[in-house]
Amino acid sequence: MRLRTERLILRDFQPEDTATVLAYQSKPAYLEHSARPAPTEEEARAFVDMLCRWAEEQPRSKYQLAITLDGGQVIGTCGVRKAAPDDTVAEYGCELDPAFWRHGYALEASRHLLTWSIATLGLRGVFALTRPENRAAIRLAEALGFRRIEDGRYERTCP
């Protein structure tokens with residue numbers, strides 16, 4: 001699967017993305033907002049393998065896509081994940097390599113993916129979970145039309 005924005009390509013993960021994911025998920029700025037320690041190489045490989053398996057499921061319910069620059073460099077991931085293929089509610093999530101924060105990439109990728117998801121998957125609602133101290137994630141959720149339900153949980157009703 002491939003979606004294109006003005007500056008980005010959103011695509012399914014590939015096994016060769018593991019090293020890039022491991023590198024950015026190990027950065028101190030990334031870990032500041034993570035509830036877990038830096039992944040090992042094996043954990044990063046298992047994570048990317050899981051995302052690759054999700055892309056092959058039929059029918060598909062989880063769309064966790066690599067965010068890449070036009071040249072192909074993976075800079076993060078964003079996605080919508082339904083518990084079952086026929087669900088109309090999905091969890092949204094996004095993460096970026098800290099080197100690419102504050103350039104509008106997360107907002108650009110997320111807007112495009114959410115618009116596609118609503119039109120194509122028929123989503124009626126989306127929710128996002130974040131740590132209450134992650135102000136950047138909260139600002140992103142609010143910019144995408146999510147509303148705070150309680151600390152750490154944001155929801156958006158889709159038209």
Side-chain angles (χ1 to χ4, degrees), residues 1-5 8-22 24-25 30-31 33-68 72 74-97 100 105-134 136-159:
M1 174 175 182
R2 290 175 71 89
L3 301 173
R4 180 180 281 279
T5 74
L8 306 168
I9 295 173
L10 309 179
R11 62 158 173 82
D12 287 319
F13 272 89
Q14 302 163 359
E16 54 268 22
D17 297 327
T18 299
T20 304
V21 171
L22 175 62
Y24 81 72
Q25 287 186 348
Y30 175 90
L31 293 170
H33 299 295
S34 177
R36 61 184 196 274
T40 63
E41 185 175 339
E42 182 178 311
E43 290 168 334
R45 185 177 304 107
F47 174 70
V48 171
D49 286 348
M50 176 184 69
L51 301 180
C52 291
R53 282 192 311 276
W54 286 355
E56 295 172 3
E57 289 178 351
Q58 291 298 324
R60 188 170 179 174
S61 60
K62 296 174 178 68
Y63 297 82
Q64 192 68 39
L65 305 176
I67 302 170
T68 69
V74 174
I75 63 169
T77 178
C78 71
V80 292
R81 301 170 300 275
K82 301 186 292 181
D86 58 348
D87 284 352
T88 59
V89 174
E91 180 177 4
Y92 155 81
C94 181
E95 67 181 35
L96 276 186
D97 180 333
F100 298 93
Y105 294 130
L107 184 61
E108 181 177 333
S110 298
R111 275 189 179 146
H112 194 78
L113 179 65
L114 289 170
T115 299
W116 175 87
S117 298
I118 292 164
T120 307
L121 304 178
L123 293 183
R124 305 205 49 161
V126 185
F127 68 94
L129 304 174
T130 189
R131 297 176 67 175
E133 61 274 10
N134 190 341
I138 292 167
R139 283 191 303 274
L140 175 62
E142 290 171 344
L144 292 167
F146 287 78
R147 298 293 172 248
R148 181 182 174 276
I149 301 304
E150 60 187 40
D151 276 353
R153 185 178 178 93
Y154 293 77
E155 294 182 0
R156 174 181 168 178
T157 302
C158 303

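Remember, it's a predicted structure, so these values are computed and weren't measured experimentally.
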- Task: Output all residues satisfying salt bridge (Lys or Arg N to Asp or Glu O under 4.0 Å) with Glu133, sequence neighbours left out; order by chain, then residue number.
- Result: Arg131

- Using a distance-only test with no angle check, is there a side-chain donor-acceptor pair under 3.5 angstrom linking Tyr92 and Ser110? yes

- Please name all residues satisfying ring pair (Phe, Tyr, Trp, His ring centres under 6.0 Å) with Trp116, sequence neighbours left out, ordered by chain then number. Tyr63

- Task: Please identify each residue that fulfils salt bridge (Lys or Arg N to Asp or Glu O under 4.0 Å) with Arg111, with sequence neighbours left out.
- Result: none

- Set of salt bridge (Lys or Arg N to Asp or Glu O under 4.0 Å) partners for Arg4, sequence neighbours left out: Asp70

- Value rounded to 0.5 Å, distance of CG in Asn134 from CG in Leu129: 12.5 Å

- Arg11 meets the side-chain hydrogen bond (donor to acceptor under 3.5 Å, both in side chains) criterion, sequence neighbours left out, with Asp17

- Between Thr130 and His33, is a side-chain contact (heavy atoms from CB on, under 4.5 Å) present by the stated rule, with each step listed? CA-CA 9 Å; Thr130 189; His33 299 295; over 6 Å; no

- All pairs passing salt bridge (Lys or Arg N to Asp or Glu O under 4.0 Å) where residues 33-46 contributes a residue, at least two apart: Glu41-Arg45

- Item | Nearest-0.5 Å distance that lies between atom CD in Glu91 and atom CZ in Phe127 | 4.5 Å

- What pair of heavy atoms forms the shortest contact from Val80 to Leu113, and how long is it? N-CD2, 3.9 Å

- Task: Quick one: list whatever passes side-chain hydrogen bond (donor to acceptor under 3.5 Å, both in side chains) with Arg153, sequence neighbours left out.
- Result: Glu155

- Worked check of side-chain contact (heavy atoms from CB on, under 4.5 Å) between Leu8 and Ile75: CA-CA 10 Å; Leu8 306 168; Ile75 63 169; 4.2 Å; yes

- Name all residues meeting the ring pair (Phe, Tyr, Trp, His ring centres under 6.0 Å) criterion together with Phe47; count only those two or more places apart in sequence or in a different chain, and write none if there are none. none

- Which residues share a ring pair (Phe, Tyr, Trp, His ring centres under 6.0 Å) with Tyr24, sequence neighbours left out: Tyr30

- Message: Test side-chain contact (heavy atoms from CB on, under 4.5 Å) on Thr88 and Cys158; report intermediate values, then the result.
- Response: CA-CA 10 Å; Thr88 59; Cys158 303; over 6 Å; no

- How many angstroms lie between atom CD of Gln25 and atom CD of Glu95, to the nearest 0.5 angstrom? 4.5 Å

- Do the side chains of Leu65 and His112 get nearer than 4.5 Å, heavy atoms only? no

- Any donor and acceptor pair, going by atom type alone, linking the side chain of Thr68 with main-chain N or O of Ile9 inside 3.5 Å? yes

- Item | Pairwise distance NZ(Lys62) to CD(Glu57) - rounded to 0.5 angstrom | 5.5 Å

- Looking at Ile138 and Pro132, what are the two nearest heavy atoms and their distance? CD1-O, 3.3 Å

- With sequence neighbours left out, what residues match Arg60 under side-chain hydrogen bond (donor to acceptor under 3.5 Å, both in side chains)? Asp12

- Closest contact, heavy atoms only, Ala106 versus Leu140: CB-CD2, 3.9 Å

- Answer yes or no: is there a side-chain heavy-atom contact under 4.5 Å between Val48 and Leu22? no

- Task: Using the test salt bridge (Lys or Arg N to Asp or Glu O under 4.0 Å), find all partners of Asp86 that sit at least two apart in sequence or belong to another chain.
- Result: none

- Taking the side chain as C-beta and beyond, is there a heavy-atom pair between Cys94 and Ile67 under 4.5 Å? yes

- Between CG of Leu123 and OG1 of Thr115, what distance do you get to the nearest 0.5 Å? 11.0 Å

- Message: Restricting to non-hydrogen atoms, name the atom on Ala143 and the atom on Leu107 that form the minimum distance, rounded to 0.1 Å.
- Response: CB-CD1, 4.0 Å

- Test ring pair (Phe, Tyr, Trp, His ring centres under 6.0 Å) applied to Phe13 - qualifying residues, sequence neighbours left out: none

